[in-house]
Amino acid sequence: MIKVTVVSVDNQHPCSAGLQVGDSFTIDAGKSCLTIAGQTIKCLELLHNVVPAIMTMARGGKLPWEKDGKALTACADPLSKVVVTVEKVS
């Protein structure tokens, strides 16, 4: 399981999808698919940006900027600056 948690959002430009600090979702990354059961993903752009990190961690890889098992990544929206951690939780 991979957990994605929002750790910051620009205060002057809130996320247009309504993401806030503390929002999170988990993804089960199987052999060749992702399972997101029973959860609402508020922003598909953010999901698009975190999939490479999710797949790397799910396959046992490590990202160069990963610290203590967590990697930071961000939404592509340059105004809201939504930043999330991606971490393997099981």
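For the atom pair CD1 of Ile54 and CD of Glu87, the computed distance is 11.5 Å after rounding to the nearest 0.5 Å. Note that the CG atom of Leu63 and the OG1 atom of Thr56 stand 5.0 Å from one another [nearest 0.5 Å]. In this structure, the separation between CG on Asp28 and CE on Met1 is 5.0 Å, given to the nearest 0.5 Å. Atoms OG and CG, on Ser8 and Leu72 in that order, are 8.0 Å from each other to the nearest 0.5 Å. Taken to the nearest 0.5 Å, the CD atom of Glu66 stands 3.5 Å off from the CE atom of Met57. To the nearest 0.5 Å, atom SG of residue Cys75 and atom CG of residue Asp10 are 12.0 Å apart.
Of all heavy-atom pairs spanning Asp77 and Leu79, the tightest one is OD1-N, 2.8 Å. In terms of heavy atoms, Cys43 sits closest to Ala17 at CB-CB, 3.8 Å. Shown here for Leu46 and Ala74, the closest heavy-atom pair between the two residues is CD1-C, 4.2 Å. For Thr26 against Gln39, the heavy-atom pair with the smallest separation is O-NE2, 2.7 Å.
When hydrophobic clusters are built by joining Ile, Leu, Val, Met, Phe, Trp and Tyr residues whose side-chain heavy atoms come closer than 4.5 Å, directly or via intermediates, Val21 is not grouped with Val83. When hydrophobic clusters are built by joining Ile, Leu, Val, Met, Phe, Trp and Tyr residues whose side-chain heavy atoms come closer than 4.5 Å, directly or via intermediates, Val84 is not grouped with Val7. In the hydrophobic cluster analysis, where Ile, Leu, Val, Met, Phe, Trp and Tyr join through side-chain heavy atoms closer than 4.5 angstrom, Val86 is grouped apart from Val89.
Atom NE2 of His48 has 12 or fewer neighbouring heavy atoms from other residues, nucleotides or ligands inside a 6.0 Å radius.
For the salt bridge (Lys or Arg N to Asp or Glu O under 4.0 Å) condition, the pairs that include at least one residue of residues 41-56, sequence neighbours left out, are Asp23-Lys42.
Each of Thr35, Leu47, Val50 was scored for a side-chain contact (heavy atoms from CB on, under 4.5 Å) with Ile27, with one residue passing: Leu47.
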Could you go through Val6 and Val82, starting from their C-alpha distance and side-chain angles, then the distance that decides it, and tell me whether this counts as side-chain contact (heavy atoms from CB on, under 4.5 Å)? CA-CA 7 Å; Val6 177; Val82 175; 4.1 Å; yes
How far apart are the C-alpha atoms of Thr85 and Val4, what are their side-chain angles, what is the distance that settles it, and do they pass the side-chain contact (heavy atoms from CB on, under 4.5 Å) test? CA-CA 6 Å; Thr85 57; Val4 178; over 6 Å; no
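Here the side chains of Thr5 and Phe25 are not in contact, with every heavy-atom distance at 4.5 Å or above.
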